[in-house]
Amino acid sequence: MSDGFRSSRRSVLKGATAALSLAALARTALPAGAFAQGAGPEVKGAKLGFIALTDAGPLFVAKEKGFFAKHGMPDVEVLKQASWGTTRDNLVLGSEGNGIDGAHILSPMPYLITAGRVTQNNVPVPMHILARLNVNGQCISVAKEYLDQKVGLDAKVFKAAIEKKKASGKSVKAAMTFPGGTHDLWIRYWMAAGGIDPDKDIETIVVPPPQMVANMKVGTMDCFCVGEPWNAQLVQQGLGFSALTTGELWKDHPEKAFAMRASWVEKHPNAARALTMAVLEAQMWCDKPENRDEFAAIVAKRQWINIPVADVAGRMKGTIDYGDGRVVENSPHIMKFFADNASYPYQSHDLWFLTEDIRWGKFDAQTDTKALVAKVNREDIWREAAKALGVTAIPASTSRGKETFFDGKVFDPADPAAYLSSLGIKRTA
(Lines give C-alpha, C1' and ligand atoms only; values in the text may rest on other atoms or scores of the structure.)
Protein backbone atom coordinates (compact mmCIF):
# COMPACT_ATOMS: atom_id res chain seq x y z
CA MET A 1 0.00 0.00 0.00
CA SER A 2 1.30 3.44 -0.87
CA ASP A 3 2.33 5.98 1.75
CA GLY A 4 -0.57 8.13 0.61
CA PHE A 5 -3.00 5.49 1.79
CA ARG A 6 -1.38 5.51 5.24
CA SER A 7 -1.32 9.26 5.78
CA SER A 8 -3.64 11.50 7.78
CA ARG A 9 -4.98 8.61 9.83
CA ARG A 10 -6.60 10.67 12.54
CA SER A 11 -8.46 12.88 10.08
CA VAL A 12 -9.50 9.82 8.10
CA LEU A 13 -10.95 8.13 11.14
CA LYS A 14 -12.76 11.32 12.15
CA GLY A 15 -14.19 11.60 8.63
CA ALA A 16 -15.28 7.99 8.66
CA THR A 17 -16.93 8.43 12.05
CA ALA A 18 -18.83 11.50 10.87
CA ALA A 19 -20.01 9.77 7.68
CA LEU A 20 -21.06 6.67 9.59
CA SER A 21 -22.89 8.77 12.16
CA LEU A 22 -25.02 10.30 9.40
CA ALA A 23 -25.79 6.83 8.09
CA ALA A 24 -26.70 5.71 11.60
CA LEU A 25 -29.09 8.66 11.98
CA ALA A 26 -30.74 7.75 8.70
CA ARG A 27 -31.06 4.17 9.87
CA THR A 28 -32.74 5.31 13.09
CA ALA A 29 -35.26 7.29 11.06
CA LEU A 30 -36.12 4.26 8.93
CA PRO A 31 -34.72 1.07 10.45
CA ALA A 32 -34.89 -2.21 8.57
CA GLY A 33 -37.70 -3.36 10.81
CA ALA A 34 -39.80 -0.42 9.64
CA PHE A 35 -39.88 -1.52 6.00
CA ALA A 36 -43.47 -1.25 4.89
CA GLN A 37 -44.87 -4.71 4.41
CA GLY A 38 -45.78 -5.19 0.77
CA ALA A 39 -44.06 -1.98 -0.33
CA GLY A 40 -42.16 -2.43 -3.55
CA PRO A 41 -38.56 -1.38 -4.26
CA GLU A 42 -37.97 2.33 -4.81
CA VAL A 43 -36.03 1.50 -7.99
CA LYS A 44 -36.04 -1.44 -10.39
CA GLY A 45 -32.31 -1.79 -10.83
CA ALA A 46 -28.84 -1.44 -9.37
CA LYS A 47 -25.34 -1.87 -10.73
CA LEU A 48 -23.50 -4.71 -9.01
CA GLY A 49 -19.85 -5.57 -9.62
CA PHE A 50 -18.20 -8.97 -9.51
CA ILE A 51 -14.81 -10.57 -9.98
CA ALA A 52 -14.52 -13.76 -12.06
CA LEU A 53 -14.69 -16.21 -9.15
CA THR A 54 -17.00 -19.10 -8.35
CA ASP A 55 -18.17 -17.42 -5.16
CA ALA A 56 -19.77 -14.64 -7.22
CA GLY A 57 -22.13 -17.37 -8.43
CA PRO A 58 -25.17 -16.28 -6.41
CA LEU A 59 -25.22 -12.99 -8.32
CA PHE A 60 -25.03 -14.82 -11.66
CA VAL A 61 -27.83 -17.15 -10.59
CA ALA A 62 -29.99 -14.34 -9.22
CA LYS A 63 -29.80 -12.70 -12.64
CA GLU A 64 -30.12 -15.78 -14.83
CA LYS A 65 -32.81 -17.59 -12.82
CA GLY A 66 -34.91 -14.46 -12.40
CA PHE A 67 -34.62 -13.92 -8.64
CA PHE A 68 -33.83 -10.21 -9.02
CA ALA A 69 -36.86 -9.80 -11.27
CA LYS A 70 -39.03 -11.86 -8.90
CA HIS A 71 -38.38 -9.35 -6.15
CA GLY A 72 -39.12 -6.30 -8.25
CA MET A 73 -35.58 -5.59 -9.47
CA PRO A 74 -35.60 -6.68 -13.15
CA ASP A 75 -33.09 -4.05 -14.23
CA VAL A 76 -30.20 -5.16 -12.00
CA GLU A 77 -26.92 -5.22 -13.92
CA VAL A 78 -24.18 -7.64 -12.85
CA LEU A 79 -20.94 -6.17 -14.18
CA LYS A 80 -17.51 -7.78 -14.45
CA GLN A 81 -14.66 -5.89 -12.76
CA ALA A 82 -11.01 -6.33 -13.74
CA SER A 83 -9.63 -6.43 -10.20
CA TRP A 84 -10.51 -5.72 -6.60
CA GLY A 85 -8.86 -2.33 -7.03
CA THR A 86 -11.27 -1.60 -9.88
CA THR A 87 -14.17 -2.75 -7.70
CA ARG A 88 -13.07 -0.32 -4.99
CA ASP A 89 -12.70 2.56 -7.45
CA ASN A 90 -16.11 1.98 -8.99
CA LEU A 91 -17.77 1.73 -5.58
CA VAL A 92 -16.23 5.07 -4.67
CA LEU A 93 -17.71 6.56 -7.86
CA GLY A 94 -21.16 5.01 -7.40
CA SER A 95 -23.48 4.47 -10.34
CA GLU A 96 -24.18 8.21 -10.50
CA GLY A 97 -20.49 8.64 -11.35
CA ASN A 98 -20.53 5.77 -13.88
CA GLY A 99 -19.38 3.32 -11.22
CA ILE A 100 -21.34 0.67 -9.30
CA ASP A 101 -23.75 0.61 -6.35
CA GLY A 102 -22.64 -2.64 -4.77
CA ALA A 103 -20.58 -5.75 -5.31
CA HIS A 104 -19.44 -9.26 -4.67
CA ILE A 105 -16.51 -8.31 -2.48
CA LEU A 106 -13.78 -9.53 -0.14
CA SER A 107 -15.34 -9.30 3.33
CA PRO A 108 -12.79 -6.85 4.82
CA MET A 109 -13.00 -4.42 1.89
CA PRO A 110 -16.20 -2.61 2.92
CA TYR A 111 -14.45 -1.72 6.18
CA LEU A 112 -11.26 -0.56 4.46
CA ILE A 113 -13.33 1.57 2.08
CA THR A 114 -15.61 2.92 4.82
CA ALA A 115 -12.63 4.07 6.87
CA GLY A 116 -10.83 5.47 3.85
CA ARG A 117 -7.89 3.14 4.34
CA VAL A 118 -7.64 2.17 0.67
CA THR A 119 -9.32 5.04 -1.13
CA GLN A 120 -7.74 7.94 -2.99
CA ASN A 121 -6.79 10.73 -0.58
CA ASN A 122 -8.10 8.51 2.23
CA VAL A 123 -11.68 9.69 1.61
CA PRO A 124 -14.18 7.57 3.59
CA VAL A 125 -16.97 6.00 1.53
CA PRO A 126 -19.45 4.31 3.92
CA MET A 127 -20.47 0.78 2.94
CA HIS A 128 -22.99 -1.75 4.25
CA ILE A 129 -22.60 -5.52 4.26
CA LEU A 130 -26.01 -7.09 3.59
CA ALA A 131 -25.05 -10.78 3.41
CA ARG A 132 -22.16 -13.18 3.39
CA LEU A 133 -21.93 -14.77 -0.05
CA ASN A 134 -20.06 -17.94 0.92
CA VAL A 135 -17.82 -19.80 3.29
CA ASN A 136 -14.75 -21.88 2.33
CA GLY A 137 -13.72 -22.39 -1.29
CA GLN A 138 -10.29 -20.73 -1.50
CA CYS A 139 -6.85 -22.32 -1.68
CA ILE A 140 -3.19 -21.61 -1.23
CA SER A 141 -1.49 -23.01 -4.31
CA VAL A 142 2.21 -23.52 -4.96
CA ALA A 143 4.37 -23.71 -8.07
CA LYS A 144 5.21 -27.19 -9.34
CA GLU A 145 8.90 -26.67 -8.53
CA TYR A 146 7.92 -27.37 -4.89
CA LEU A 147 6.08 -30.62 -5.65
CA ASP A 148 8.83 -32.86 -4.28
CA GLN A 149 8.86 -30.93 -0.99
CA LYS A 150 5.23 -31.92 -0.40
CA VAL A 151 4.22 -28.46 0.75
CA GLY A 152 0.96 -28.59 2.68
CA LEU A 153 -0.82 -27.22 5.73
CA ASP A 154 2.39 -26.84 7.70
CA ALA A 155 4.25 -23.94 6.08
CA LYS A 156 7.51 -24.93 7.80
CA VAL A 157 8.17 -27.14 4.78
CA PHE A 158 7.70 -24.17 2.47
CA LYS A 159 9.90 -22.04 4.73
CA ALA A 160 12.82 -24.46 4.32
CA ALA A 161 12.32 -24.58 0.55
CA ILE A 162 12.25 -20.81 0.05
CA GLU A 163 15.25 -20.28 2.33
CA LYS A 164 17.21 -22.61 0.07
CA LYS A 165 15.99 -20.76 -3.03
CA LYS A 166 16.88 -17.36 -1.59
CA ALA A 167 20.32 -18.61 -0.62
CA SER A 168 20.92 -19.29 -4.31
CA GLY A 169 20.26 -15.64 -5.05
CA LYS A 170 16.74 -16.02 -6.40
CA SER A 171 13.73 -13.97 -5.29
CA VAL A 172 10.65 -15.52 -3.73
CA LYS A 173 7.16 -14.06 -4.12
CA ALA A 174 3.70 -14.76 -2.73
CA ALA A 175 0.67 -13.39 -4.56
CA MET A 176 -2.70 -12.37 -3.15
CA THR A 177 -5.53 -10.32 -4.58
CA PHE A 178 -5.89 -7.15 -2.44
CA PRO A 179 -3.97 -5.80 0.57
CA GLY A 180 -5.95 -6.48 3.73
CA GLY A 181 -8.46 -8.69 1.89
CA THR A 182 -9.32 -12.28 2.70
CA HIS A 183 -6.70 -13.86 0.43
CA ASP A 184 -4.03 -11.61 1.91
CA LEU A 185 -5.05 -12.65 5.42
CA TRP A 186 -5.23 -16.39 4.66
CA ILE A 187 -1.78 -16.57 3.08
CA ARG A 188 -0.28 -14.38 5.82
CA TYR A 189 -1.80 -16.55 8.54
CA TRP A 190 -0.49 -19.71 6.90
CA MET A 191 3.03 -18.37 6.38
CA ALA A 192 3.29 -16.81 9.83
CA ALA A 193 2.15 -20.05 11.48
CA GLY A 194 5.05 -21.77 9.72
CA GLY A 195 7.63 -19.21 10.82
CA ILE A 196 7.66 -17.13 7.63
CA ASP A 197 7.41 -13.36 8.15
CA PRO A 198 5.26 -12.26 5.18
CA ASP A 199 6.68 -8.73 5.41
CA LYS A 200 10.36 -9.70 5.60
CA ASP A 201 11.00 -13.23 4.41
CA ILE A 202 9.05 -13.10 1.14
CA GLU A 203 7.86 -10.44 -1.28
CA THR A 204 4.08 -10.13 -1.31
CA ILE A 205 2.51 -8.96 -4.58
CA VAL A 206 -1.01 -8.20 -5.81
CA VAL A 207 -2.40 -10.11 -8.79
CA PRO A 208 -6.08 -10.07 -9.89
CA PRO A 209 -7.74 -13.50 -9.52
CA PRO A 210 -8.22 -14.23 -13.26
CA GLN A 211 -4.52 -13.53 -13.88
CA MET A 212 -3.11 -15.87 -11.23
CA VAL A 213 -2.64 -18.93 -13.45
CA ALA A 214 -1.05 -16.98 -16.31
CA ASN A 215 1.37 -15.35 -13.89
CA MET A 216 2.32 -18.68 -12.33
CA LYS A 217 2.97 -20.01 -15.84
CA VAL A 218 5.63 -17.36 -16.45
CA GLY A 219 7.14 -17.72 -12.99
CA THR A 220 5.92 -14.45 -11.47
CA MET A 221 5.28 -16.02 -8.05
CA ASP A 222 6.08 -19.09 -5.98
CA CYS A 223 2.68 -19.37 -4.33
CA PHE A 224 -0.67 -17.60 -4.32
CA CYS A 225 -3.96 -17.47 -2.50
CA VAL A 226 -7.12 -17.07 -4.53
CA GLY A 227 -10.64 -18.44 -4.86
CA GLU A 228 -11.89 -21.03 -7.29
CA PRO A 229 -11.84 -21.85 -10.12
CA TRP A 230 -8.25 -20.62 -10.52
CA ASN A 231 -6.67 -23.17 -8.17
CA ALA A 232 -8.39 -25.99 -10.04
CA GLN A 233 -7.28 -24.54 -13.37
CA LEU A 234 -3.68 -24.39 -12.14
CA VAL A 235 -3.86 -28.12 -11.44
CA GLN A 236 -5.65 -28.86 -14.72
CA GLN A 237 -2.83 -27.13 -16.63
CA GLY A 238 -0.09 -28.91 -14.67
CA LEU A 239 1.48 -25.65 -13.47
CA GLY A 240 1.29 -26.25 -9.74
CA PHE A 241 -0.73 -27.76 -6.92
CA SER A 242 -2.97 -26.79 -4.03
CA ALA A 243 -1.03 -27.01 -0.78
CA LEU A 244 -4.24 -26.58 1.21
CA THR A 245 -7.77 -25.31 1.08
CA THR A 246 -8.43 -22.35 3.35
CA GLY A 247 -11.12 -24.37 5.11
CA GLU A 248 -8.25 -26.39 6.55
CA LEU A 249 -6.95 -23.22 8.22
CA TRP A 250 -10.37 -22.38 9.64
CA LYS A 251 -13.32 -24.66 8.97
CA ASP A 252 -16.30 -22.88 7.44
CA HIS A 253 -14.52 -19.55 7.45
CA PRO A 254 -16.35 -16.50 6.06
CA GLU A 255 -15.18 -15.33 2.65
CA LYS A 256 -16.96 -12.95 0.25
CA ALA A 257 -19.72 -10.52 1.14
CA PHE A 258 -22.57 -8.85 -0.72
CA ALA A 259 -22.12 -5.15 0.04
CA MET A 260 -23.67 -1.88 -1.10
CA ARG A 261 -22.80 1.77 -0.75
CA ALA A 262 -24.43 2.95 2.49
CA SER A 263 -25.91 5.99 0.74
CA TRP A 264 -27.68 3.70 -1.76
CA VAL A 265 -29.10 1.53 1.03
CA GLU A 266 -30.35 4.51 3.03
CA LYS A 267 -31.95 6.04 -0.08
CA HIS A 268 -33.51 2.74 -1.24
CA PRO A 269 -34.29 0.64 1.87
CA ASN A 270 -36.96 -1.50 0.20
CA ALA A 271 -34.75 -2.12 -2.82
CA ALA A 272 -31.89 -3.10 -0.51
CA ARG A 273 -34.11 -5.68 1.12
CA ALA A 274 -35.33 -6.89 -2.29
CA LEU A 275 -31.75 -7.35 -3.51
CA THR A 276 -30.89 -9.25 -0.35
CA MET A 277 -33.92 -11.50 -0.76
CA ALA A 278 -32.90 -12.27 -4.35
CA VAL A 279 -29.34 -13.08 -3.31
CA LEU A 280 -30.53 -15.32 -0.46
CA GLU A 281 -32.85 -17.24 -2.79
CA ALA A 282 -30.01 -17.65 -5.26
CA GLN A 283 -27.74 -18.94 -2.49
CA MET A 284 -30.33 -21.53 -1.51
CA TRP A 285 -30.54 -22.64 -5.15
CA CYS A 286 -26.74 -22.84 -5.44
CA ASP A 287 -26.46 -25.12 -2.41
CA LYS A 288 -28.82 -27.79 -3.71
CA PRO A 289 -26.77 -30.78 -4.92
CA GLU A 290 -29.16 -31.37 -7.80
CA ASN A 291 -28.37 -27.90 -9.13
CA ARG A 292 -24.59 -28.11 -9.04
CA ASP A 293 -24.11 -29.25 -12.64
CA GLU A 294 -26.29 -26.43 -13.94
CA PHE A 295 -24.60 -24.05 -11.53
CA ALA A 296 -21.19 -25.01 -12.93
CA ALA A 297 -22.46 -24.43 -16.46
CA ILE A 298 -23.77 -20.99 -15.51
CA VAL A 299 -20.61 -19.70 -13.84
CA ALA A 300 -18.45 -21.03 -16.69
CA LYS A 301 -20.28 -18.89 -19.26
CA ARG A 302 -18.39 -16.26 -21.21
CA GLN A 303 -20.18 -13.30 -19.60
CA TRP A 304 -19.34 -14.58 -16.13
CA ILE A 305 -16.06 -16.46 -15.58
CA ASN A 306 -15.39 -17.66 -19.16
CA ILE A 307 -13.70 -20.95 -18.31
CA PRO A 308 -14.15 -24.64 -19.20
CA VAL A 309 -16.89 -26.25 -17.11
CA ALA A 310 -14.41 -28.98 -16.13
CA ASP A 311 -12.33 -26.37 -14.29
CA VAL A 312 -15.35 -25.47 -12.16
CA ALA A 313 -17.48 -28.56 -11.59
CA GLY A 314 -15.18 -30.84 -9.57
CA ARG A 315 -14.40 -28.63 -6.62
CA MET A 316 -17.88 -27.11 -6.72
CA LYS A 317 -19.24 -30.61 -6.03
CA GLY A 318 -16.71 -31.40 -3.31
CA THR A 319 -14.05 -33.30 -5.25
CA ILE A 320 -10.64 -31.75 -4.66
CA ASP A 321 -7.72 -32.93 -6.77
CA TYR A 322 -4.84 -31.16 -5.05
CA GLY A 323 -2.50 -31.88 -7.97
CA ASP A 324 0.11 -33.60 -5.78
CA GLY A 325 -1.43 -37.05 -5.68
CA ARG A 326 -4.06 -36.22 -3.08
CA VAL A 327 -7.68 -36.48 -4.21
CA VAL A 328 -10.46 -35.90 -1.68
CA GLU A 329 -14.07 -36.80 -2.42
CA ASN A 330 -16.92 -35.14 -0.50
CA SER A 331 -14.55 -32.63 1.05
CA PRO A 332 -15.75 -31.15 4.36
CA HIS A 333 -14.36 -27.86 3.06
CA ILE A 334 -16.72 -27.55 0.09
CA MET A 335 -17.85 -24.03 -0.75
CA LYS A 336 -21.20 -23.31 0.88
CA PHE A 337 -23.55 -20.43 0.12
CA PHE A 338 -26.54 -20.78 2.44
CA ALA A 339 -26.30 -24.05 4.37
CA ASP A 340 -25.17 -23.95 8.01
CA ASN A 341 -25.77 -20.19 8.22
CA ALA A 342 -23.19 -19.52 5.49
CA SER A 343 -25.18 -16.53 4.23
CA TYR A 344 -25.65 -14.83 7.58
CA PRO A 345 -23.10 -12.02 8.09
CA TYR A 346 -21.90 -12.77 11.61
CA GLN A 347 -20.53 -9.61 13.15
CA SER A 348 -17.99 -11.71 15.07
CA HIS A 349 -16.47 -12.78 11.76
CA ASP A 350 -16.05 -9.20 10.61
CA LEU A 351 -14.43 -8.44 13.97
CA TRP A 352 -11.83 -11.15 13.27
CA PHE A 353 -11.04 -9.66 9.86
CA LEU A 354 -10.51 -6.24 11.44
CA THR A 355 -8.37 -7.74 14.19
CA GLU A 356 -6.16 -9.46 11.63
CA ASP A 357 -5.91 -6.24 9.65
CA ILE A 358 -4.68 -4.56 12.84
CA ARG A 359 -2.15 -7.38 13.18
CA TRP A 360 -0.75 -6.59 9.73
CA GLY A 361 -0.94 -2.81 9.96
CA LYS A 362 -3.94 -2.22 7.71
CA PHE A 363 -5.82 -0.58 10.58
CA ASP A 364 -4.42 1.34 13.54
CA ALA A 365 -4.34 -0.53 16.83
CA GLN A 366 -6.64 2.01 18.47
CA THR A 367 -9.43 1.53 15.90
CA ASP A 368 -12.82 1.04 17.57
CA THR A 369 -13.48 -2.18 15.72
CA LYS A 370 -16.73 -3.11 17.43
CA ALA A 371 -18.26 0.29 16.64
CA LEU A 372 -17.11 0.02 13.03
CA VAL A 373 -18.62 -3.46 12.68
CA ALA A 374 -21.93 -2.27 14.16
CA LYS A 375 -22.16 0.47 11.54
CA VAL A 376 -21.02 -1.44 8.44
CA ASN A 377 -22.57 -4.84 9.10
CA ARG A 378 -26.32 -4.70 8.37
CA GLU A 379 -27.29 -8.13 9.58
CA ASP A 380 -30.66 -6.56 10.45
CA ILE A 381 -31.45 -6.26 6.73
CA TRP A 382 -30.43 -9.91 6.26
CA ARG A 383 -32.84 -10.92 9.02
CA GLU A 384 -35.69 -8.93 7.46
CA ALA A 385 -35.01 -10.53 4.07
CA ALA A 386 -34.77 -14.04 5.51
CA LYS A 387 -38.02 -13.64 7.46
CA ALA A 388 -39.78 -12.33 4.36
CA LEU A 389 -38.65 -15.48 2.53
CA GLY A 390 -39.99 -17.69 5.31
CA VAL A 391 -36.58 -18.77 6.59
CA THR A 392 -36.92 -20.11 10.12
CA ALA A 393 -33.32 -21.12 10.86
CA ILE A 394 -32.10 -17.63 11.67
CA PRO A 395 -29.09 -17.28 14.02
CA ALA A 396 -30.08 -16.07 17.47
CA SER A 397 -26.82 -14.18 17.98
CA THR A 398 -24.65 -11.88 15.87
CA SER A 399 -21.67 -13.87 17.14
CA ARG A 400 -20.75 -17.42 16.21
CA GLY A 401 -18.71 -17.54 19.41
CA LYS A 402 -15.11 -18.62 19.81
CA GLU A 403 -13.33 -19.71 16.63
CA THR A 404 -10.46 -22.22 16.61
CA PHE A 405 -7.78 -22.29 13.92
CA PHE A 406 -5.64 -25.13 12.64
CA ASP A 407 -2.66 -24.13 14.76
CA GLY A 408 -4.67 -24.14 17.97
CA LYS A 409 -5.12 -20.39 18.30
CA VAL A 410 -8.53 -19.24 19.46
CA PHE A 411 -10.33 -16.01 18.62
CA ASP A 412 -12.86 -14.90 21.22
CA PRO A 413 -14.91 -12.03 19.79
CA ALA A 414 -15.52 -10.85 23.34
CA ASP A 415 -11.78 -10.26 23.77
CA PRO A 416 -9.92 -9.50 20.51
CA ALA A 417 -7.01 -8.05 22.50
CA ALA A 418 -6.29 -11.46 23.99
CA TYR A 419 -6.09 -12.93 20.48
CA LEU A 420 -3.62 -10.24 19.40
CA SER A 421 -1.65 -10.84 22.58
CA SER A 422 -1.37 -14.53 21.71
CA LEU A 423 0.26 -13.38 18.47
CA GLY A 424 2.71 -11.20 20.35
CA ILE A 425 0.93 -7.93 19.49
CA LYS A 426 0.00 -5.39 22.13
CA ARG A 427 -3.10 -3.37 21.35
CA THR A 428 -3.04 0.20 22.64
CA ALA A 429 -6.11 1.98 23.97
Side-chain angles (χ1 to χ4, degrees), residues 49-57 80-88 103-109 133-144 146 151-153 155 158 173-191 198 202-250 253-257 299-300 304-308 311-312 314-316 320-324 331 333-335 353 356:
F50 77 92
I51 295 290
L53 289 162
T54 302
D55 47 33
K80 186 177 289 186
Q81 309 294 297
S83 67
W84 293 118
T86 303
T87 299
R88 169 204 59 204
H104 151 255
I105 199 166
L106 300 165
S107 284
M109 282 184 67
L133 280 180
N134 68 298
V135 300
N136 300 327
Q138 322 299 297
C139 284
I140 294 173
S141 291
V142 182
K144 65 180 179 181
Y146 297 98
V151 177
L153 186 59
F158 188 58
K173 297 178 181 179
M176 47 76 183
T177 62
F178 190 85
T182 54
H183 302 130
D184 188 22
L185 298 182
W186 305 139
I187 202 164
R188 283 174 175 272
Y189 195 102
W190 174 67
M191 290 192 292
I202 194 167
E203 182 182 350
T204 304
I205 62 173
V206 177
V207 175
Q211 297 177 25
M212 284 292 188
V213 176
N215 274 274
M216 184 70 90
K217 186 174 184 178
V218 297
T220 301
M221 77 285 276
D222 297 80
C223 64
F224 62 65
C225 183
V226 75
E228 297 301 343
W230 308 115
N231 301 284
Q233 187 180 79
L234 184 80
V235 171
Q236 290 272 18
Q237 295 187 11
L239 299 171
F241 62 98
S242 294
L244 63 145
T245 71
T246 48
E248 294 170 61
L249 294 176
W250 175 12
H253 69 76
E255 181 51 39
K256 304 300 188 301
V299 302
W304 305 131
I305 298 183
N306 191 23
I307 196 171
D311 289 354
V312 179
R315 295 192 182 200
M316 180 182 284
I320 301 179
D321 179 353
Y322 285 77
D324 59 0
S331 170
H333 307 300
I334 189 173
M335 188 182 293
F353 285 128
E356 278 289 305

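Heavy atoms only: backbone and side chains are in, while hydrogens, waters and symmetry mates are out.
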Compare all side-chain heavy atoms of Thr87 with those of Phe178 and state whether any distance is below 4.5 angstrom.
no
Heavy-atom closest pair (Val299 atom, Gly57 atom, distance to 0.1 Å) is CG1-CA, 4.0 Å
Heavy atoms of Ser331 and Ile320 approach each other most closely as OG-CD1, 3.5 Å
Side-chain contact, heavy-atom cut-off 4.5 Å: Val206 with Trp84?
no
Do Ile51 and Ile105 touch side chain to side chain, with heavy atoms closer than 4.5 Å?
no
Measuring from Gln211:CD to Thr177:OG1, what's the distance to the nearest 0.5 Å?
12.0 Å
Stepwise side chain to side chain contact (heavy atoms under 4.5 Å, CB included) check, Asn231 with Phe224:
CA-CA 9 Å; Asn231 301 284; Phe224 62 65; 3.4 Å; yes
Rounded to the nearest 0.5 Å, what's the gap from CG on Leu244 to SG on Cys225? Could you check?
8.0 Å
Between Leu234 and Met212, does the side chain to side chain contact (heavy atoms under 4.5 Å, CB included) criterion hold? Intermediate values first, please.
CA-CA 9 Å; Leu234 184 80; Met212 284 292 188; over 6 Å; no
Please determine, by modelled atom types, if Glu255 and Trp186 share a side-chain donor-acceptor pair under 3.5 angstrom.
yes
Glu203 CD to Met221 CE distance, which is reported to the nearest 0.5 Å
11.5 Å
Heavy-atom neighbours of Lys144 NZ exceed 12 at 6.0 Å:
no
Measure the acute angle between the ring planes of Trp304 and Phe50, then classify it against the limits of 30° and 60° as parallel, tilted or perpendicular.
perpendicular
Looking only at heavy atoms, what is the nearest atom pair of Ile202 and Ala174, with distance?
CD1-CB, 3.7 Å
Heavy-atom pair with the smallest gap, counting every atom of Met316 and Thr54
CE-CG2, 3.7 Å
Rounding to 0.5 Å, atoms CD (Glu228) and CG (Asn136) come to a distance of 11.5 Å
Side chain proximity check, Val142 to Phe241, heavy atoms < 4.5 angstrom
yes
Would you say the side-chain atoms of Glu248 and His333 include a donor-acceptor pair closer than 3.5 Å?
no
For Pro229 versus Leu53, what's the shortest heavy-atom pair and its separation?
CD-CA, 4.3 Å
Does any non-hydrogen side-chain atom of Gln138 lie less than 4.5 Å from one of His253?
yes
Looking at OG1 of Thr246 and NE2 of His183, how far apart are the two atoms once the value is rounded to the nearest 0.5 Å?
7.5 Å
For the aromatic rings, using the six-membered ring if either is Trp, is the centroid distance between Trp190 and Phe158 under 6.0 Å?
yes
Close side-chain approach of Cys139 and Arg315, heavy atoms under 4.5 Å
yes
On a heavy-atom basis, which atom in Asp222 and which in Tyr146 lie closest, and how many Å separate them?
OD2-OH, 2.6 Å
Within a strict 4.5 Å, meaning less than it, do heavy atoms of the Leu106 and Phe353 side chains meet?
no
If you measure from OG1 on Thr182 to NZ on Lys256, what distance do you get to the nearest 0.5 Å?
5.0 Å
